[in-house]
Structures are given as C-alpha cells and as structure tokens.
Amino acid sequence: MTDALIAAAIAARENALAPYSKFKVGAALEDSEGRIHTGCNVENATYGLTVCAERVAVLKAVSEGVRSFRRVAVVADTEALTPPCGACRQFLWEFCGDIEIVFANPRGQSETWRLKDLFPKPFDVSYL
Ligand code: THU
C-alpha cells in the first residue's frame, strides 16, 4: 500500500506548476476508506501565494467532504528526502492529526515518520 501511495504522489508531481523554483512536489493522502487524494505545488508570481502539494491534497479531500485520514506521501526529487514545510505540518495536524508521513523520491528511496515527531507541540483547537 505504501508503494501505491508513493506512486500516486510521483504521478501527482508531474502536474506541479513550479515555474519559479523549478522544485516539483507531489503529495498523496490516503483517507480512512483507502481512497487516495493527490496534490502538487502550485506557484504564484507573488511567491507568497504559492500553495504546497500537501495543502492542495488536503484541501481537495476536505472540500469533497472527506474528514478522516491515515497516511500521506510526499515526493520530491532530492537525495535528502524532502519533509513538509512548517505551514504544511500545521495544516496536516489540523485536518489529519498524528498521521503517518512517508517522504520519498522517484528513485525508490523513502522514510516514514509520524506527524507528532515532526511537529511535537502543535497549536490546535485544544488551546481555544
Ligand atoms: N513545497 C511543497 O510543495 N511541499 C513541501 O513540503 C516543501 C515545499 C513547494 C513550495 C514551492 O513551490 C517549492 O516547493 C519550493 O519551495
């Protein structure tokens, strides 16, 4: 199953719109029923309005009514496997909680983390 999730992220990465950074990222988010929701980074000429692949995947799924997730795979073509940025860690925590995160590259390397280990003291609804 991890292989299928990584393959979906590799395919999603092909759609990355990254004319400024040239850094293409794909994400694949598995929901609690096993369905896969994908995303890629979409850049903007203002730079700051760029949206990362992970947030695109989450927003696509949430906007379709999905509320429960198991795992996410993030793929970039780097030797040191690319982790989610800080904004995406906060975003993933909000919608997915302590899910499993697989970082991978298209050359067959991967490593698996829990979000809690990447983002140990999140701000969330429990503080409101
Ligand atoms: N990017 C992602 O899509 N996800 C990450 O986890 C790291 C960074 C994108 C944002 C921008 O389009 C490009 O990679 C370079 O930062």
Side-chain angles (χ1 to χ4, degrees):
M1 270 312 275
T2 303
D3 285 353
L5 201 64
I6 292 172
I10 290 171
R13 182 174 171 270
E14 292 302 313
N15 292 324
L17 190 61
Y20 307 112
S21 73
K22 319 276 189 221
F23 190 81
K24 294 176 154 199
V25 185
L29 180 62
E30 184 184 294
D31 70 27
S32 55
E33 291 176 24
R35 293 171 301 198
I36 294 178
H37 309 268
T38 59
C40 61
N41 52 331
V42 181
E43 296 189 345
N44 188 282
T46 64
Y47 291 25
L49 290 178
T50 290
V51 187
C52 293
E54 297 90 323
R55 279 177 282 155
V56 170
V58 170
L59 288 173
K60 281 173 66 183
V62 171
S63 68
E64 305 252 307
V66 184
R67 295 289 183 271
S68 177
F69 302 97
R70 280 187 198 141
R71 295 186 302 153
V72 61
V74 181
V75 168
D77 193 3
T78 53
E79 198 68 45
L81 300 173
T82 299
C85 76
C88 286
R89 294 177 200 202
Q90 177 72 41
F91 211 81
L92 286 165
W93 183 264
E94 177 78 23
F95 297 102
C96 310
D98 186 24
I99 54 165
E100 191 176 291
I101 305 193
V102 181
F103 314 156
N105 66 22
R107 289 166 271 150
Q109 293 165 298
S110 68
E111 59 188 55
T112 302
W113 290 70
R114 302 291 312 187
L115 183 55
K116 192 84 195 185
D117 296 322
L118 291 175
F119 197 49
K121 195 166 171 58
F123 176 81
D124 62 18
V125 65
S126 68
Y127 292 93
L128 296 177

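Counting starts at 1 for both ligands and their atoms, following the listed order.
At the top of the distance list for atom 5 (C) of ligand 1, counting protein heavy atoms only, stands Glu54 OE2, 3.4 Å. Of all protein heavy atoms, the one closest to atom 12 (O) of ligand 1 is Glu43 OE2, 2.5 Å. Given atom 16 (O) of ligand 1, the protein heavy atom at minimum distance is Phe23 CD2, 4.7 Å. Of all protein heavy atoms, the one lying nearest to atom 9 (C) of ligand 1 is Asn41 ND2, 3.5 Å. Of the protein's heavy atoms, Ala53 N, 2.9 Å lies nearest to atom 3 (O) of ligand 1.
At a threshold of 4.5 Å between non-hydrogen side-chain atoms, the residues Asp77 and Arg13 count as touching. Counting heavy atoms from C-beta on, the side chains of Leu29 and Cys96 come closer than 4.5 Å.
Within the structure, every pair that satisfies the salt bridge (charged side-chain N to carboxylate O under 4.0 Å, His left out) test and touches residues 114-128, not counting sequence neighbours, is listed here: Asp98-Arg114. Identified under the ring-ring contact (aromatic ring centres under 6.0 Å, His included) test for residues 50-79, with sequence neighbours left out: none.
Within the 4.0 Å heavy-atom criterion, neither part of Ala18 lies near ligand 1. With a 4.0 Å heavy-atom cut-off, ligand 1 is reached by the backbone of Cys52 and by its side chain too.
Ring orientation note: the planes of Phe91 and Phe95 are tilted relative to one another, at an angle of 30° to 60°.
Shown here, atom 14 (O) of ligand 1 is in close reach of the protein: a heavy atom of it lies under 4.0 Å off.
Remark: ligand 1 atoms within the under-4.0 Å shell around heavy atoms of Cys85 are 6 (O). Atoms of ligand 1 lying under 4.0 Å from at least one heavy atom of Pro84, given by number and element, are 6 (O). Heavy-atom contacts of Ser21 reach the following atoms of ligand 1: 13 (C), 15 (C) (cutoff under 4.0 Å). The atoms of ligand 1 that sit less than 4.0 Å from any heavy atom of Pro83 are 6 (O).
Surrounding CH2 of Trp113 are at most 12 heavy atoms belonging to other residues, nucleotides or ligands under 6.0 Å away.
A salt bridge between Glu54 and Arg89 is absent, with no side-chain N of the basic residue lying under 4.0 Å from a carboxylate O of the acidic one.
Nearest heavy-atom pair, Ala9 versus Ala73, reported as atom, atom and distance to 0.1 Å: CB-O, 3.9 Å.
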